[in-house]
Amino acid sequence: SSGANNEVRALAMSPDNNTLYVGGRFTTVSGTGRNRFAALDAATGTPTTLVAGTNAEVNSLAVDPDGSRIYLGGAFTLIANQSRNRLAAVNAAGGVVTTFNPGADGPVRTLFTSGTALLGGGAFANVAGVARANLAEVTPTGTATAFDPSPNAEVRDVRRDSSGRILLAGFFTQVGAT
């Protein structure tokens, strides 16, 4: 059996192009039990041995440029039976990164990482224990940075271009004071 048994919402490729990470609402991929997050052999589509299921949907994935971490954002509160509120990181072997636990108080819809920081957007008011409306930047240890543009509504996509500018898409009409 191929494919997922429910919606796939996110895709991310490992830097070596050997592993495709998928996230969504599914509970099986290619006939193998994988709860809302799976790693697939990019050539064959076969699930790898990485198992780090969540208890609710995964909306976004981002892979560090060196491939050492895969970040997950969504509506979940558990990953691999460990408490993580809507933001988590796993290593390439599937272990939950214990030093990364910022938490968000609402769904995370989009992630982007440069390797030195993780940008997350969604419909939340707090990340890592500090007020961050709908967009936050956290360090690899899960600490919120000073970056706080506070879009006035949900962020659905975020990227950083090669010049360092942050690009946003979503339902907001205002960012910061402008």
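The heavy-atom pair separating Ala56 from Thr54 by the smallest distance is O-OG1, 2.6 Å. Residue Asn134 comes nearest to Pro151 through the heavy atom pair ND2-O, 2.8 Å, listed as atom of the first residue, atom of the second, then distance. Of all heavy-atom pairs between Ala38 and Val29, the closest is CB-CG2, 4.1 Å. The two atoms that bring Leu61 and Ala12 nearest to each other are CB-CB, 3.9 Å, heavy atoms only. Shortest non-hydrogen contact noted between Ser60 and Ala10 is CA-CB, 3.6 Å. Closest approach of Phe100 to Leu118, counting heavy atoms only: CZ-CD2, 3.7 Å.
In the hydrophobic clustering of this structure, Phe76 groups with Ile70; members are Ile, Leu, Val, Met, Phe, Trp, Tyr whose side-chain heavy atoms approach within less than 4.5 Å, directly or through other members. When hydrophobic clusters are built by joining Ile, Leu, Val, Met, Phe, Trp and Tyr residues whose side-chain heavy atoms come closer than 4.5 Å, directly or via intermediates, Val108 is not grouped with Phe171. Phe147 and Val138 fall into different hydrophobic clusters, where Ile, Leu, Val, Met, Phe, Trp and Tyr are joined by side-chain heavy atoms under 4.5 Å apart, directly or via other members. Neither Val8 nor Val58 shares a network with the other; the hydrophobic side chains, linked directly or stepwise wherever heavy atoms of I, L, V, M, F, W or Y lie under 4.5 Å apart, form separate groups for each. The hydrophobic cluster containing Leu50 also contains Val63, counting ILVMFWY residues as joined when their side-chain heavy atoms lie under 4.5 angstrom apart, directly or transitively.
Expressed to the nearest 0.5 Å, how far CG of Leu135 lies from CG of Leu168 amounts to 5.5 Å. To the nearest 0.5 Å, atom CZ of residue Arg159 and atom OG of residue Ser114 are 12.5 Å apart. Summarising the geometry, atom CG belonging to Asn35 is positioned 11.0 Å from atom CD1 belonging to Ile79; distances are rounded to the nearest 0.5 Å. Note: Arg156 CZ to Phe172 CZ = 12.0 Å, rounded to the nearest 0.5 Å. Annotation: the span from Leu20 atom CG to Asn18 atom CG amounts to 11.5 Å, rounded to 0.5 Å. Here the CZ atom belonging to Arg160 is positioned 4.0 Å from the CD1 atom belonging to Ile166, to the nearest 0.5 angstrom.
Other residues, nucleotides and ligands contribute over 12 non-hydrogen atoms within 6.0 Å of the CG atom of Asp66.
Side-chain N/O atoms of Thr77 and Asn55 include a donor and acceptor closer than 3.5 Å. Residues Asp157 and Thr110 bring a donor and an acceptor atom of their side chains to less than 3.5 Å of each other. No hydrogens or angles considered: nothing links the side chains of Thr27 and Asn6 as a donor-acceptor pair under 3.5 Å. Side chain to side chain, Ser30 and Thr32 fail the donor-acceptor criterion of an N or O pair below 3.5 Å.
Proximity of a side-chain donor or acceptor of Gln174 to a complementary backbone N or O of Gly176 within less than 3.5 Å is detected. Here the side chain of Thr139 pairs no donor or acceptor atom with the backbone of Ala117 at under 3.5 angstrom. Under a 3.5 Å cut-off, the side chain of Asn59 and the backbone N or O of Gly73 do not form any donor-acceptor pair. The backbone N or O of Gly45 sits nowhere less than 3.5 Å from a side-chain atom of Asp41 that would complete a donor-acceptor pair. With hydrogens and angles ignored, the 3.5 Å screen pairs a side-chain donor or acceptor of Asn91 with a backbone N or O of Gly94. The closest donor-acceptor contact from the side chain of Arg132 to the backbone of Thr145 lies under 3.5 Å. A donor-acceptor pair is defined here as one N or O able to donate and one able to accept, closer than 3.5 Å; no such pair exists between the side chain of Arg84 and the backbone of Val96.
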| field | Pair Thr173-Asn152, side chain to side chain donor-acceptor pair (under 3.5 Å): steps then yes or no | value | CA-CA 7 Å; Thr173 58; Asn152 67 345; 2.9 Å; yes

| Where do Leu87 and Leu111 land on the side-chain contact (heavy atoms from CB on, under 4.5 Å) test, with the steps shown first? | CA-CA 10 Å; Leu87 274 171; Leu111 295 172; 3.7 Å; yes

| message | Please evaluate residues Thr28 and Arg34 with respect to the criterion side-chain contact (heavy atoms from CB on, under 4.5 Å), reporting the C-alpha separation (whole Å), side-chain torsions for both, the decisive distance (0.1 Å), and the verdict. | response | CA-CA 5 Å; Thr28 63; Arg34 294 290 187 268; over 6 Å; no

| request: Could you go through the side chain to side chain donor-acceptor pair (under 3.5 Å) check for Thr113 and Asp64 one step at a time? | output: CA-CA 6 Å; Thr113 184; Asp64 265 348; 3.1 Å; yes

| field | Val97 vs Val90, side-chain contact (heavy atoms from CB on, under 4.5 Å): CA-CA, chis, key distance, verdict | value | CA-CA 5 Å; Val97 177; Val90 296; 5.5 Å; no

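Pairs of residues two or more places apart, or lying in two chains, never qualify as ring pair (Phe, Tyr, Trp, His ring centres under 6.0 Å) while including a residue from residues 18-70.
The pair Arg25-Glu57 meets the salt-bridge criterion, since a charged nitrogen lies less than 4.0 angstrom from a carboxylate oxygen.
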